[in-house]
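The structure appears below as structure tokens.
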Amino acid sequence: WNVARYAYRLFTSTGYTTYFPEDDYEVSSMLAHIEDGDIIFLFSLTGEDASALRIVEQARAKCKPLVASVTWSGNNTLQNLSDLDFYVFADKITYQGYDLTSRVSMIAIVEMIAYQMITSKM
């Protein structure tokens, strides 16, 4: 969630209407407002996150958004449903029950996309 929250703040600060739905009612609201040409940006290392897959399926049932995802490399469901998949290489690291898997490459992808969006507005 930390990378997605960072992406939300970054894209919002660059002037884009951005949603970061954390609860079911927020997902429903987002899906009610989504239109053709909007972008859905999903983060799921495994690419098998049920809520992310449900969002893609429900959005595509309504309109034609561009679906961009960040997943681990390898074949997964979210990657196959996405128009663009940015895959990252990271080892899953768990220490004393905490997920310490590196998110650096995910953040770099978000920042490169944001930079491109900013420079295209200039």
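It should be emphasised that the depicted structure is a prediction, and the values quoted were computed from it without experimental measurement.
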Nearest 0.5 angstrom please: [X] [atom1] to [Y] [atom2], how far?
{"X": "D85", "Y": "S44", "atom1": "CG", "atom2": "OG", "answer": "10.0 Å"}
{"X": "I39", "Y": "M117", "atom1": "CD1", "atom2": "CE", "answer": "6.0 Å"}
{"X": "D24", "Y": "S29", "atom1": "CG", "atom2": "OG", "answer": "12.5 Å"}
{"X": "R103", "Y": "Y6", "atom1": "CZ", "atom2": "OH", "answer": "15.5 Å"}
{"X": "I40", "Y": "M30", "atom1": "CD1", "atom2": "CE", "answer": "5.5 Å"}
{"X": "I113", "Y": "F41", "atom1": "CD1", "atom2": "CZ", "answer": "3.5 Å"}

Provide the closest heavy-atom pair for [X] versus [Y] in the form atom of the first, atom of the second, distance.
{"X": "G47", "Y": "T71", "result": "CA-CG2, 4.0 Å"}
{"X": "I55", "Y": "L31", "result": "O-CD2, 4.0 Å"}
{"X": "Q79", "Y": "N76", "result": "N-OD1, 2.7 Å"}
{"X": "P65", "Y": "D83", "result": "O-OD2, 3.6 Å"}
{"X": "V70", "Y": "V88", "result": "CG1-CG1, 3.9 Å"}
{"X": "L81", "Y": "R60", "result": "O-NH1, 2.6 Å"}

Practice task
Show the numbers, then the answer: is there a side-chain contact (heavy atoms from CB on, under 4.5 Å) between E26 and Y19?
Solution key: CA-CA 8 Å; E26 293 170 316; Y19 294 91; over 6 Å; no
Handout entry: Co-members of F89 in a cluster of I, L, V, M, F, W and Y side chains, linked at under 4.5 Å
Key =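 Cluster partners of F89: Y87.
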Evaluate whether atom [atom1] of [X] has more than 12 neighbouring non-hydrogen atoms of other residues, nucleotides or ligands under 6.0 angstrom away.
{"X": "Y16", "atom1": "OH", "answer": "yes"}
{"X": "D91", "atom1": "CG", "answer": "no"}
{"X": "N2", "atom1": "CG", "answer": "no"}
{"X": "K64", "atom1": "NZ", "answer": "no"}

Problem - Close side-chain approach of F43 to D49, heavy-atom, < 4.5 Å - result: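 Side-chain contact under 4.5 Å: no.
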Exercise for the section: Indicate yes or no for a side-chain donor-acceptor contact from T101 to the backbone of I93 under 3.5 Å, with no hydrogens or angles considered. Expected result: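 Confirmed, T101 side chain pairs with I93 backbone.
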Membership question, hydrophobic clusters at under 4.5 Å side-chain separation (ILVMFWY): are [Y] and [X] in the same one?
{"X": "L53", "Y": "V27", "result": "yes"}
{"X": "V110", "Y": "L66", "result": "yes"}
{"X": "V3", "Y": "L84", "result": "yes"}

Exercise for the section: Check the pair M106 / F86 against side-chain contact (heavy atoms from CB on, under 4.5 Å), numbers first and verdict last. Expected result: CA-CA 9 Å; M106 296 171 87; F86 300 93; over 6 Å; no
